[in-house]
Amino acid sequence: MEWNSTLYDNKHDFVAEYGKGLLEFVPRNPKQSILDLGCGTGKLTAQLAELCNEIVGVDASQNMVDKAKEEFNNMEFKVCDALALPFEKEFDVVFSNAVFHWISDHDALLKSIHRALKPQGVLVCEFGASGNIATIENAFAKACNSLGYGYEAKFNFPAAENFGKLLKKNGFVIDRIYEYDRPTVLKDGEQGLENWMKQFFVSEFEVMPEYIQAMVFEKVEGLTRDTLWNGAEWVADYRRLRAIAHI
């Protein structure tokens, strides 16, 4: 899947905005080095740069990295596979916001992060927890199936207990780990949920003709309106997992 970086910044900037709350868990040490794993268009990378001596942003999407380089040309950005990070004991902190749920193998991911961290290095991360966007995803699956397009769940939303076990297995000491509900208002009123689906289900829509896409949007909105529409805005049923750990 390739990301639309412009749509992401214009309609889904809440991802970076909510990520600012995660910054408070980053150690205050101007001499430290930080890896922003899944940096997207670099909005949070730029803020992390104020907390360290060295910052590198990596993302699997070429479009995202290109946009980050264009806007923040004084920082280093690379296209990287999170499961095969090309770093060995190079960073004091690995920071990641809204990324891990896109990665199916969290065991391999944590091994890759552990290799990139220096001794006593810190992982600061937040991503979708068990139950995240369940209302939207269930409605989307039902709509796709009704129109002859199968939907296979692609997100990895673990419970804190299970992710905690993987952290310990991979040599991390947990400082804190918890889940919380975070209802999230989507921009553009009536258009908000459709915009969200266009971004986060882009690979599913790629195989559908436009008239089928329109039917999916209509069906999903109908199935979720009683739960997620507040009369003026769509409010997505986000649930997050936040973890701070060190090696």
Side-chain angles (χ1 to χ4, degrees), residues 1 3-4 7-22 38 40 61 96-106 125-164 177-243:
M1 182 184 82
W3 288 81
N4 182 327
L7 180 63
Y8 187 82
D9 269 356
N10 290 344
K11 303 300 182 185
H12 311 299
D13 53 350
F14 64 81
V15 177
E17 284 299 312
Y18 278 112
K20 289 178 182 178
L22 198 57
S61 167
S96 187
N97 177 57
V99 175
F100 289 7
H101 50 251
W102 292 100
I103 299 170
S104 60
D105 191 341
H106 284 169
C125 64
E126 182 174 309
F127 55 100
S130 178
N132 187 59
I133 62 161
T135 303
I136 298 175
E137 190 172 22
N138 290 339
F140 185 78
K142 192 174 293 185
C144 289
N145 291 333
S146 73
L147 294 166
Y149 288 84
Y151 172 72
E152 293 185 14
K154 61 184 177 183
F155 299 109
N156 186 0
F157 298 139
E161 179 182 2
N162 294 333
F163 190 71
I177 185 169
Y178 57 93
E179 302 171 37
Y180 69 100
D181 290 321
R182 196 200 72 197
T184 300
V185 173
L186 305 179
K187 279 187 173 181
D188 286 354
E190 277 281 7
Q191 192 69 24
L193 185 56
E194 180 176 327
N195 288 338
W196 189 96
M197 288 188 280
K198 285 178 178 177
Q199 180 75 70
F200 297 105
F201 291 125
V202 61
S203 57
E204 285 78 11
F205 285 124
E206 284 175 349
V207 300
M208 298 179 189
E210 286 189 12
Y211 79 94
I212 293 290
Q213 294 179 30
M215 292 171 71
V216 170
F217 296 142
E218 184 179 0
K219 284 178 178 289
V220 173
E221 289 175 358
L223 289 167
T224 59
R225 187 169 292 274
D226 286 348
T227 307
L228 303 182
W229 177 252
N230 68 7
E233 301 161 313
W234 290 99
V235 183
D237 54 331
Y238 273 57
R239 183 169 175 76
R240 313 311 277 172
L241 191 161
R242 181 172 285 179

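What you see is a predicted model; the values in this text were computed from it and never measured.
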#### Entry: Test item: S146 and K219 side chains (from C-beta on) under 4.5 Å apart, heavy atoms
yes
- Task: Considering only NZ, NE, NH1 and NH2 on the basic side and carboxylate oxygens on the acidic side, decide whether K198 and E204 come within less than 4.0 Å.
- Result: no
Checklist line | Crowding at CG, N230 (>12 non-hydrogen neighbours, <6.0 Å) | finding: yes
Sub-4.5 Å side-chain heavy-atom contact between L241 and Y178: no
To the nearest 0.5 Å, atom NE2 of H106 lies from atom CG of N162 at 11.0 Å
Ignoring hydrogens and geometry beyond distance, is a side-chain donor-acceptor pair present between N132 and H101 at under 3.5 Å? no
Inset, instruction - Measure the shortest side-chain to side-chain distance between V216 and L147 over non-hydrogen atoms and say whether it is less than 4.5 angstrom. - result: yes
Do the side chains of Y238 and P183 get nearer than 4.5 Å, heavy atoms only? no
>> Counting C-beta onward and ignoring hydrogens, is there a side-chain heavy-atom pair between K154 and S104 closer than 4.5 Å?
In response: no
Would you confirm whether D188, through its side chain, and Q191, through its main-chain N or O, come within 3.5 Å as a donor-acceptor pair? no
- Task: Could you tell me whether E179 and R240 make a salt bridge, using a distance below 4.0 angstrom between a side-chain N and a carboxylate O?
- Result: no
**Prompt:** Do the non-hydrogen side-chain atoms of W229 and T224 ever get within less than 4.5 Å of each other?
**Reply:** no
May I have the step-by-step check of ring pair (Phe, Tyr, Trp, His ring centres under 6.0 Å) for W102 and F127, ending in yes or no?
CA-CA 9 Å; W102 292 100; F127 55 100; over 10 Å; no
- Heavy-atom side-chain contact between Y149 and I212 under 4.5 Å: yes
Sorted by chain and residue number, the salt bridge (charged side-chain N to carboxylate O under 4.0 Å, His left out) partners of R242 (sequence neighbours excluded) come out as E126
Query - Main-chain N/O of L186 paired to W196 side chain as donor or acceptor, under 3.5 Å - result: no
Here the gap from F163 atom CZ to N156 atom CG, rounded to the nearest 0.5 Å, amounts to 9.0 Å
Using modelled atom types only, decide if a donor and an acceptor are shared between the side chain of T184 and the backbone of R182 within a distance under 3.5 Å. yes
Pair F205 + F140: ring centers closer than 6.0 Å | yes
Residue pairs passing the side chain to side chain donor-acceptor pair (under 3.5 Å) test with at least one member in residues 134-145, sequence neighbours excluded, are T135-D237, E137-Y151
